[in-house]
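Worth knowing before you read on, the calculation uses all heavy atoms, side chains too, and leaves out hydrogens, waters and symmetry mates.
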Amino acid sequence: MNKNTSNCLIIFTRNPELGKGKRRLAATVGDQAALDIYKFLLDHTRSITRDLQATKQIWYSEKVHENDAWDNAVYDKYVQEGDDLGVRMKNAFQIAFKNHDHVIIIGSDMHDMSQEDLENAFQQLESHDAVIGPAQDGGYYLLGFTKKLVKGIFENKEWGTETVLEKTLNDLKNVNYITLETRNDVDYYEDIKDIPAFQQFLKHI
(Lines give C-alpha, C1' and ligand atoms only; values in the text may rest on other atoms or scores of the structure.)
Protein backbone atom coordinates (compact mmCIF):
# COMPACT_ATOMS: atom_id res chain seq x y z
CA MET A 1 0.00 0.00 0.00
CA ASN A 2 1.29 3.43 -0.95
CA LYS A 3 1.99 5.23 2.32
CA ASN A 4 0.56 8.44 0.90
CA THR A 5 -2.93 6.98 0.86
CA SER A 6 -2.94 7.51 4.62
CA ASN A 7 -3.07 11.27 3.89
CA CYS A 8 -6.31 13.10 3.19
CA LEU A 9 -6.74 16.77 2.31
CA ILE A 10 -10.12 18.38 2.93
CA ILE A 11 -10.76 21.56 0.94
CA PHE A 12 -13.70 23.71 2.06
CA THR A 13 -15.15 25.88 -0.68
CA ARG A 14 -18.15 28.03 -1.41
CA ASN A 15 -20.09 27.53 -4.60
CA PRO A 16 -18.98 30.63 -6.53
CA GLU A 17 -22.02 32.83 -7.16
CA LEU A 18 -22.34 36.55 -7.77
CA GLY A 19 -23.30 38.39 -4.60
CA LYS A 20 -22.44 35.49 -2.30
CA GLY A 21 -19.21 34.85 -0.45
CA LYS A 22 -16.30 37.24 0.15
CA ARG A 23 -18.74 39.85 1.46
CA ARG A 24 -16.10 41.79 3.37
CA LEU A 25 -14.01 42.02 0.22
CA ALA A 26 -17.03 42.88 -1.95
CA ALA A 27 -17.82 45.85 0.28
CA THR A 28 -14.78 47.58 -1.24
CA VAL A 29 -14.25 46.01 -4.67
CA GLY A 30 -17.85 45.21 -5.66
CA ASP A 31 -19.63 41.91 -6.25
CA GLN A 32 -18.23 41.11 -9.70
CA ALA A 33 -14.60 41.73 -8.73
CA ALA A 34 -15.09 39.74 -5.51
CA LEU A 35 -16.42 36.81 -7.55
CA ASP A 36 -13.56 37.07 -10.07
CA ILE A 37 -11.01 37.16 -7.22
CA TYR A 38 -12.60 34.12 -5.58
CA LYS A 39 -12.48 32.19 -8.87
CA PHE A 40 -8.82 33.17 -9.17
CA LEU A 41 -8.20 31.84 -5.65
CA LEU A 42 -10.03 28.60 -6.53
CA ASP A 43 -7.72 28.19 -9.54
CA HIS A 44 -4.72 28.68 -7.27
CA THR A 45 -6.05 26.13 -4.78
CA ARG A 46 -6.47 23.61 -7.59
CA SER A 47 -2.94 24.27 -8.84
CA ILE A 48 -1.34 23.58 -5.42
CA THR A 49 -3.45 20.49 -4.64
CA ARG A 50 -3.87 18.72 -7.98
CA ASP A 51 -0.56 16.83 -7.83
CA LEU A 52 -0.41 16.41 -4.05
CA GLN A 53 0.13 12.78 -3.06
CA ALA A 54 -2.98 12.42 -0.92
CA THR A 55 -6.67 11.69 -1.18
CA LYS A 56 -8.28 15.04 -1.98
CA GLN A 57 -11.81 15.89 -0.93
CA ILE A 58 -13.62 19.02 -2.04
CA TRP A 59 -16.47 20.02 0.28
CA TYR A 60 -18.98 22.44 -1.25
CA SER A 61 -20.99 24.91 0.83
CA GLU A 62 -24.29 24.35 -1.00
CA LYS A 63 -24.31 21.47 -3.45
CA VAL A 64 -21.93 19.27 -5.41
CA HIS A 65 -21.04 20.48 -8.90
CA GLU A 66 -20.19 17.35 -10.87
CA ASN A 67 -18.92 18.95 -14.07
CA ASP A 68 -17.01 21.95 -12.80
CA ALA A 69 -13.30 22.80 -12.75
CA TRP A 70 -12.64 20.35 -9.89
CA ASP A 71 -11.73 17.18 -11.82
CA ASN A 72 -13.84 14.23 -10.64
CA ALA A 73 -10.87 11.92 -11.22
CA VAL A 74 -8.73 13.96 -8.78
CA TYR A 75 -11.18 15.21 -6.15
CA ASP A 76 -13.84 13.33 -4.20
CA LYS A 77 -16.88 15.58 -3.81
CA TYR A 78 -19.05 16.19 -0.77
CA VAL A 79 -21.48 18.76 0.62
CA GLN A 80 -20.78 20.45 3.96
CA GLU A 81 -23.37 19.68 6.62
CA GLY A 82 -24.03 21.50 9.88
CA ASP A 83 -25.35 24.73 11.33
CA ASP A 84 -21.99 26.43 11.76
CA LEU A 85 -18.44 26.14 10.47
CA GLY A 86 -17.29 24.09 13.45
CA VAL A 87 -19.96 21.42 12.96
CA ARG A 88 -19.23 21.34 9.23
CA MET A 89 -15.50 20.83 9.77
CA LYS A 90 -16.02 18.21 12.48
CA ASN A 91 -18.32 16.24 10.20
CA ALA A 92 -15.80 16.33 7.34
CA PHE A 93 -12.94 15.18 9.58
CA GLN A 94 -14.96 12.31 10.99
CA ILE A 95 -15.73 11.04 7.50
CA ALA A 96 -12.10 11.39 6.40
CA PHE A 97 -10.78 9.60 9.50
CA LYS A 98 -12.74 6.47 8.54
CA ASN A 99 -10.14 5.76 5.85
CA HIS A 100 -7.10 7.95 6.59
CA ASP A 101 -4.62 8.48 9.43
CA HIS A 102 -3.52 12.03 8.63
CA VAL A 103 -6.20 14.57 7.76
CA ILE A 104 -5.70 18.28 6.99
CA ILE A 105 -8.30 20.92 6.20
CA ILE A 106 -7.75 24.13 4.26
CA GLY A 107 -10.02 26.78 2.83
CA SER A 108 -9.91 27.93 -0.77
CA ASP A 109 -8.86 31.56 -0.29
CA MET A 110 -5.13 31.21 0.36
CA HIS A 111 -2.98 32.78 -2.32
CA ASP A 112 -0.02 32.64 0.07
CA MET A 113 0.33 28.83 0.06
CA SER A 114 2.11 26.25 -2.11
CA GLN A 115 2.08 22.50 -2.70
CA GLU A 116 5.31 22.31 -0.72
CA ASP A 117 3.56 23.89 2.28
CA LEU A 118 0.93 21.16 2.19
CA GLU A 119 3.54 18.43 1.80
CA ASN A 120 5.38 19.84 4.81
CA ALA A 121 2.18 19.90 6.88
CA PHE A 122 1.51 16.22 6.16
CA GLN A 123 5.13 15.42 6.96
CA GLN A 124 4.74 17.12 10.35
CA LEU A 125 1.79 14.84 11.15
CA GLU A 126 4.14 11.85 10.92
CA SER A 127 5.60 12.97 14.25
CA HIS A 128 2.91 15.24 15.74
CA ASP A 129 -0.70 14.84 16.87
CA ALA A 130 -1.75 18.11 15.24
CA VAL A 131 -0.57 20.86 12.92
CA ILE A 132 -1.93 24.41 12.65
CA GLY A 133 -1.23 27.29 10.29
CA PRO A 134 -2.09 30.61 11.94
CA ALA A 135 -3.63 33.36 9.82
CA GLN A 136 -2.72 37.00 10.34
CA ASP A 137 -6.34 37.87 11.13
CA GLY A 138 -6.49 35.69 14.25
CA GLY A 139 -7.88 32.59 12.60
CA TYR A 140 -6.10 29.72 10.90
CA TYR A 141 -5.59 28.73 7.27
CA LEU A 142 -4.72 25.07 7.89
CA LEU A 143 -5.52 22.54 10.60
CA GLY A 144 -4.61 18.87 10.68
CA PHE A 145 -4.68 15.86 12.98
CA THR A 146 -3.29 12.35 13.25
CA LYS A 147 -5.79 9.52 13.81
CA LYS A 148 -8.36 11.59 15.75
CA LEU A 149 -9.64 15.06 16.53
CA VAL A 150 -8.68 16.90 19.69
CA LYS A 151 -11.72 17.13 21.95
CA GLY A 152 -13.60 20.42 21.73
CA ILE A 153 -11.50 21.76 18.85
CA PHE A 154 -14.54 22.86 16.85
CA GLU A 155 -16.77 23.89 19.74
CA ASN A 156 -17.26 27.22 21.57
CA LYS A 157 -15.71 29.35 18.83
CA GLU A 158 -16.95 32.59 17.35
CA TRP A 159 -16.13 31.70 13.75
CA GLY A 160 -14.79 34.51 11.61
CA THR A 161 -13.44 36.50 14.55
CA GLU A 162 -9.89 37.17 15.73
CA THR A 163 -10.41 34.95 18.81
CA VAL A 164 -10.50 31.66 16.91
CA LEU A 165 -6.73 31.03 16.80
CA GLU A 166 -6.19 31.79 20.49
CA LYS A 167 -9.03 29.51 21.59
CA THR A 168 -7.91 26.75 19.23
CA LEU A 169 -4.32 26.88 20.50
CA ASN A 170 -5.72 26.60 24.02
CA ASP A 171 -7.54 23.41 22.97
CA LEU A 172 -4.24 22.04 21.64
CA LYS A 173 -2.15 22.75 24.74
CA ASN A 174 -2.21 19.15 25.98
CA VAL A 175 -1.26 17.49 22.69
CA ASN A 176 1.95 17.33 20.69
CA TYR A 177 1.28 19.94 18.01
CA ILE A 178 3.38 22.11 15.71
CA THR A 179 2.71 25.62 14.43
CA LEU A 180 3.46 26.53 10.81
CA GLU A 181 4.36 29.98 9.49
CA THR A 182 1.75 32.68 9.92
CA ARG A 183 0.16 33.50 6.57
CA ASN A 184 -2.35 35.95 5.16
CA ASP A 185 -5.70 34.76 3.84
CA VAL A 186 -7.88 36.94 1.64
CA ASP A 187 -10.85 38.54 3.36
CA TYR A 188 -10.44 42.29 2.85
CA TYR A 189 -9.26 44.68 0.14
CA GLU A 190 -6.26 45.48 2.36
CA ASP A 191 -5.18 41.82 2.12
CA ILE A 192 -4.63 42.05 -1.64
CA LYS A 193 -4.18 45.72 -2.59
CA ASP A 194 -0.36 45.47 -2.69
CA ILE A 195 -0.06 42.00 -4.25
CA PRO A 196 0.78 42.09 -7.99
CA ALA A 197 -1.29 39.00 -8.87
CA PHE A 198 -4.49 40.76 -7.80
CA GLN A 199 -3.99 44.08 -9.61
CA GLN A 200 -5.91 42.82 -12.65
CA PHE A 201 -9.06 42.75 -10.49
CA LEU A 202 -8.60 46.17 -8.88
CA LYS A 203 -8.24 48.53 -11.85
CA HIS A 204 -11.71 49.96 -11.30
CA ILE A 205 -10.95 51.16 -7.76
Around atom [atom1] of [X], are there more than 12 heavy atoms of other residues, nucleotides or ligands at under 6.0 Å?
| X | atom1 | value |
| --- | --- | --- |
| K167 | NZ | yes |
| R183 | CZ | yes |
| N156 | CG | no |

* **Derivation and outcome, salt bridge (Lys or Arg N to Asp or Glu O under 4.0 Å), residues K147 and D129** => CA-CA 8 Å; K147 302 269 176 106; D129 298 323; over 6 Å; no

For the residue pair [X] and [Y], confirm or rule out a side-chain donor-acceptor distance under 3.5 Å.
| X | Y | value |
| --- | --- | --- |
| N15 | H65 | yes |
| E119 | Q123 | no |
| N170 | E166 | no |
| T182 | Y141 | no |

* Taking the side chain as every heavy atom from C-beta outward, state whether L42 and W70 have any atom pair closer than 4.5 Å. =>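 L42 vs W70: side chains touch.
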
What residues form a side-chain hydrogen bond (donor to acceptor under 3.5 Å, both in side chains) with [X], not counting sequence neighbours?
| X | result |
| --- | --- |
| T146 | H102 |
| Q32 | D36 |
| E190 | none |
| K157 | D171 |

* Residue pair Y78, Y60: steps toward the ring-ring contact (aromatic ring centres under 6.0 Å, His included) verdict -> CA-CA 6 Å; Y78 299 84; Y60 295 87; 9.8 Å; no

* To do: Using the side chain to side chain donor-acceptor pair (under 3.5 Å) rule, take Y177 and T168 through it: C-alpha gap first, then chi angles, then the decisive distance, then the call.
  => CA-CA 12 Å; Y177 77 94; T168 303; over 6 Å; no

* Might you work through the salt bridge (Lys or Arg N to Asp or Glu O under 4.0 Å) test for R50 and D71, ending with a clear yes or no? => CA-CA 9 Å; R50 189 180 294 117; D71 186 341; over 6 Å; no

* To do: Please list, chain by chain and in numerical order, all residues satisfying ring pair (Phe, Tyr, Trp, His ring centres under 6.0 Å) with H111, sequence neighbours excluded.
  =>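 Here the qualifying residues are F40, H44, F198.
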
* Can you sort out the partners of K193 under salt bridge (charged side-chain N to carboxylate O under 4.0 Å, His left out), two or more places apart, ordered by chain and number? =>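 Not a single residue meets the salt bridge (charged side-chain N to carboxylate O under 4.0 Å, His left out) criterion with K193.
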
* **Quiz item: cation-pi between R88 and W59, 6.0 Å / 45°** =>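 Geometry flag: not set, cation outside 6.0 Å or 45°.
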
